[in-house]
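For reference, the structure discussed in these notes is given below.
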Amino acid sequence: MLAFYWNKFIRHHWDMVLSAILCFILASAAGLGAPLVVKALIDDALNRNDLSYLHIILISIVALYLLRGIFSYIYNYQMSKVGNHMTFQMRQQMFEKLQRLDYAYFINTPPGETISLFINDLWLIEQAVALGFPDFLIESITLLSIIAIMLYFNAKLAVITFITLPFIIIAIGHFNKKIAKFGTLVENTMARLTASLHQSLLSIVMVQSYVREEYEYKKISEKIRKASADLLKVQRLNAILLALVEFLAAMGLTIIIWYGGREVINGGLTVGGMFAFLIYIINVPTPVRKISEAMTRMKLGMIAWQRIAKLENQVSAIADGASELPAIQESIEFKNVSFYYNTRKPILKNVNLAAKRGDVIAVTGQSGAGKSSFANLLLRFYDPNEGGIFMDGVNIKDVKVSSLRSQIGFIQQEPILFNTSILENIQYGNAEATRAQIIAAAKLANAHDFIMELDKNYDYIVGEMGTRLSGGQRQRIAIARAIVKNPAILVLDEPTAALDASAEKLVMQAIRKASEGRITFLITHSLSVLINSDKVLHLANGSLSDENENPQINSAAQTLSVQ
C-alpha cells in the first residue's frame, strides 16, 4: 500500500514531502524530549532544592513545545500544499480525459457518477495523501522512537509494558479489512446518490409540473438513508477499533503502574524515571490511533483511486486522424454507410447520398429511423460500421476530429446556453470573434432586435440553460453562435419542434439566411420545414426511400436521389 501511494502520488512531490517529514521529525523529537526534561525535573531539580535549575528546566519545556508547534505548523502546511496541488492536477487531468472521451461514454454514464469522482473520490485521495500516508509513516517512526527510548531506559519494564502491542496490531489489521469492504459500498452509494440528485435537479420543472415532489423526496431520501447507513457502518467499525486500541493501551498503562510502582519501591527505578515512563505510555495511544486512522484513509483512498482509474483507462472508440481537414469547398458524400450500436440490427444500412455547397436538406422519417444517428455520424460522435463519409473526397476517419468539427455548426433541438451573457454565449462559437462580428451574426440569425429590447442588451444574463429566454429566442441565439463560427456545414436537430408559428417563421428565416453558401441539414418532422428545404432525405427503417414511399413530403420538395 505504501509503494502504491509513493509511486502514484508522493514521488511527484518528493521535495515538499521530504521537507514536511523532516519538520515533523524535529517536532516529534521536541515532543519526545519533554518526558526526559520532566525526569530531570523530578530526579535532579527537586532533589537539589535549586530554584535556578528549576527555572532552566521550565524554560526548556516551553522551548521544546514552542519548537514542536513551529515545526508542526510547517509540516501541516506543506502536506496541505501537496494534497491541494495533487488534487488540482488530478482534476485537470480527469477533465482533459473527459473532453477526449467519445459520445458513447456520456450516453452510458450518468453525469452524477462522473461528478462524484471529481468531488467525493478525489477528496478521499487527498485525505489519504495529505494525511493518511504521512501520518502512517511519521506516527510509525514516533511509536518506534517511544519504544526505543523506553527500552534504553529500562528494557525489562518496556517489554512488560508492550505485551499488549501485538494485540493492537492484530486488531488494526482485522478491522481495516472490514472498513475497506464497507468503504467500497459507501463510494458506490455516494456515486448513485450524486447521480440521482443531479438528475432530479435538472428535471425540476417536470417534477413540479407533474406534482411529483413527494415521489422524488422519497426516492432521494432512500438513497440518502442507504449512504448514511453504509457510512455509519464504517464509522462504527472505526469507533470499535479506536476504543479497543485505547483499552489495550490502558492495559499497558496499568501494567507499568503496577510493575513500575514495585520497582520504585524496591529502588530499581527512580520516581522521575517512573513518571517519564508514564508520560511515554500515555502518549502511545496517539500514534497507534493515528496509524489506525491513516490505514483507514489509505484503504478508502485506494478504493477511490480504483474508481477514478476506470475513467483514466477508458479508451475512446473514435480514433483521431493524422491530418487536418482542408476547408470544405464542394461536397459531402455518404458511401454505402451502415451503422448499428450494440446489436447487429442496423440503424442505417447502405446509405448513399451526395450534398453540395448551398444545399438545404431536410432529413425526415419516423422515430427510430436513424435521423439522429445520421447527425452523430456526420460529427463523428460515432463511426460507421461499414462504408465511409467523405468531404471533398477525404474520408473523415483520416482527419483530426477537431478539424472536422470546427467546420460544422451543430444546433440541438434544445439549445444549450450557459448561465452568462448573450454576448459570451454567441462568442462561444468563436472565441476570437469581435463584438461587431457577434452583432452581425445575431442580425443574420434574426436575434438582434429582441436582444436590443432586453435589459443590458448583449450583456443580458440568460440564466441556467437559457431559462430567462423563450424557446424561439434560445434557438436564434444558438443559430447566431453557429454563424459566428462560420462553418461550412450546418446541422440543425428539430429546429422548430417546440416553437409557435411566429417564432418558427423567424427561426426559418434565420436558417435560410445562415445556410447561404453552406451545406445545411435539417433533421425534422415539420412539414413547413420540409417545404422550405431544397431537398428531402427520407429515412425508413435505416434506408433512403423515394418520394412515393413518403406521403408526408410536400410535392414542392425535391427528393434526394439514392445513388
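Treat the numbers as computed from the prediction; the structure is a model and nothing was measured.
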Rounded to the nearest 0.5 Å, what separation is found between the CE atom of Met391 and the CD1 atom of Ile489?
3.5 Å
Measure up the His448 and Tyr458 rings against each other and bin them: parallel (under 30°), tilted (30 to 60°), perpendicular (over 60°).
tilted
Give a yes or no on this: more than 12 heavy atoms of other residues, nucleotides or ligands lie within 6.0 Å of atom CD of Glu432.
no
Test side chain to side chain contact (heavy atoms under 4.5 Å, CB included) on Thr114 and Leu98 and set out the steps.
CA-CA 9 Å; Thr114 305; Leu98 282 173; 3.6 Å; yes
Where is the tightest heavy-atom contact between Pro384 and Leu377, given as atom of each residue plus distance?
N-CD2, 3.7 Å
Could you check whether the rings of Phe410 and Phe381 sit parallel, tilted or perpendicular, using 30° and 60° as the cut-offs?
perpendicular
For Ser403 and Lys400 the tightest heavy-atom approach is OG-O, 2.7 Å
Least distance between heavy atoms, Leu379 atom then Arg405 atom
O-NE, 2.8 Å
What is the minimum heavy-atom distance between Ile74 and Cys23, and which atoms define it?
CG2-SG, 3.4 Å
Can you name the nearest heavy-atom pair linking Val337 to Gly388, along with the distance?
CG2-O, 3.4 Å
Pair Phe339 + Phe374: ring centers closer than 6.0 Å:
no
Do Arg307 and Asp121 meet the salt-bridge criterion of a basic N to acidic O distance under 4.0 Å?
yes
Scanning both residues in full, the closest heavy-atom pair of Gln412 with Gln475 reads O-OE1, 3.8 Å
